[in-house]
There are 2 protein chains.
Amino acid sequence: MSKTDSAPFSYEGLDRVIHEKARLGLLTSLMAHPKGLAFADLKQLCGLTDGNLSRHLAVLQEAGLVDVTKGYEGNRPHTTCRLTKTGRRRFLDYLAVLERLVRDAAKAAGREAPPLGRLGILST
Amino acid sequence: MSKTDSAPFSYEGLDRVIHEKARLGLLTSLMAHPKGLAFADLKQLCGLTDGNLSRHLAVLQEAGLVDVTKGYEGNRPHTTCRLTKTGRRRFLDYLAVLERLVRDAAKAAGREAPPLGRLGILST
DNA sequence: CTATATACTTTGCGATACAAAGTATCGGGA
DNA sequence: TCCCGATACTTTGTATCGCAAAGTATATAG
């Protein structure tokens, strides 16, 4: 029996790299723009400071979730970011877990207290 | 104009106290059991170690989201936890934001025609 | 040729998640 | 009676991390 089976609410699929307010916004933004987004765009879309954005992008890049292209436009630095294939894949996996969580909670909110025994927590 | 208006992906509603893997599991568990759950039950349901559970419960209690009742059963300590009213409300608020995030991302994922067969990530 | 704006990176720090160790009690054996 | 392991937590230590402030560099305007 796997650990998850006995711990239905552990949500192990919630990858720490992804499960972060700022980075969730970044990934969602990038998901909506497969062609890529510029540093300044992401900054605005996600309401991040320069420093935070830089840091989060570095984390996402090191994890292989986004591809960060640093180039120059004229003499100015211009950074473009896109989701990698695995990044997209892993984000979708994460979202599936998140969706399950929302469903679990919504279901719990909807109906009243089920007795413990029914869930098989106390043996059965 | 509020900050959120210009930063549609900032997801400011993602309360740090709630937005945490372990605590999400705890809150969902407690949502499903309004009558309360014992320390040992939560530990099992969420797959947490004693130390982590203790710590997370303390955080949730300090934030006023859960009510932790420490009593004795015989001479053994026995802790029971329940969601407070505000805890329930704040968790539901959080879930609403989370739902929006999942929808945003799903929509973004859907707009792009994926040649790969991985369709219909969400919903039915 | 200062001043301000854009485009980032680096640094410093306070907070925190997690694990390991600690405290205390109970229920068996030997 | 004296261990020994299990239950029920709490405390401590550490390593990480998010965030803000400061730093670097170039471009443009007055």
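Letters A, B, ... mirror the listed sequences (proteins, then strands); counts begin at 1.
In this structure, CZ on B/F9 lies 9.5 Å from CG on A/L30, to the nearest 0.5 angstrom. Rounding to the nearest 0.5 Å places OG1 of B/T79 at 5.5 Å from NZ of B/K70. Note that CG of A/D67 is 10.0 Å distant from OG1 of A/T86, once rounded to the nearest 0.5 Å.
Among C/dA19, C/dT9, C/dC18, the nucleotide with an atom closest to any side-chain atom of B/T49 is C/dA19.
Using modelled atom types and a 3.5 Å distance limit, the side chains of A/H19 and A/Y94 yield a donor-acceptor pair.
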Nucleotides 3-8 of chain D: which of its N/O atoms have a protein N/O under 3.5 Å away?
from  : atom 1 : to    : atom 2 : distance (Å)
D/dA8 : O3'    : B/P77 : O      : 3.1

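At a threshold of 4.0 Å, the pair A/R103-A/E99 counts as salt-bridged, since one of the basic side-chain nitrogens sits closer than that to a carboxylate oxygen.
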Do any side-chain atoms of residues 53-64 of chain B form donor-acceptor pairs under 3.5 angstrom with protein atoms, and if so which ones, sequence neighbours left out?
from  : atom 1 : to    : atom 2 : distance (Å)
B/H56 : ND1    : B/R23 : NH1    : 3.1

Under the side-chain contact (heavy atoms from CB on, under 4.5 Å) criterion, do B/V66 and B/R82 qualify, and how do the steps go?
CA-CA 5 Å; B/V66 306; B/R82 327 183 15 164; over 6 Å; no

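The shortest distance between the side-chain N/O atoms of B/S54 and the OP1/OP2 oxygens of D/dT10 is below 4.0 Å. For the pair B/H56 and C/dC18, the criterion of a side-chain N or O lying under 4.0 Å from OP1 or OP2 is met.
One N or O on the side chain of B/T84 and one on the backbone of B/L65 form a donor-acceptor pair closer than 3.5 Å. Counting only distance, with no hydrogens or angles, the side chain of B/T80 and the backbone of B/G36 share no donor-acceptor pair below 3.5 Å.
Along DNA chain D, the nucleotide nearest A/G51 and the nucleotide nearest B/G51 are compared for position; the residue whose nucleotide lies closer to the 5' end is B/G51.
Listed in residue order, the members of residues 13-29 of chain B having a heavy atom less than 4.0 Å from DNA chain C are B/E20, B/R23.
If you check every strand for non-hydrogen atoms under 4.0 Å, A/K43 touches nothing.
Rounded to whole Å, the distance from CG on A/L53 to C1' on D/dC17 is 16 Å. To the nearest angstrom, C1' of D/dC19 lies 10 Å from CG of A/L48. As rounded to whole Å, 18 Å separates atom P of D/dA15 from atom CZ of B/R55. A/N52 places its CG atom 16 Å from the P atom of C/dA15, with the value rounded to the nearest Å. The distance between atom CD of B/E62 and atom C1' of D/dT10, rounded to the nearest whole Å, is 14 Å. When the P atom of C/dA17 is taken as reference, atom CG of B/L57 falls 13 Å away, rounded to whole Å.
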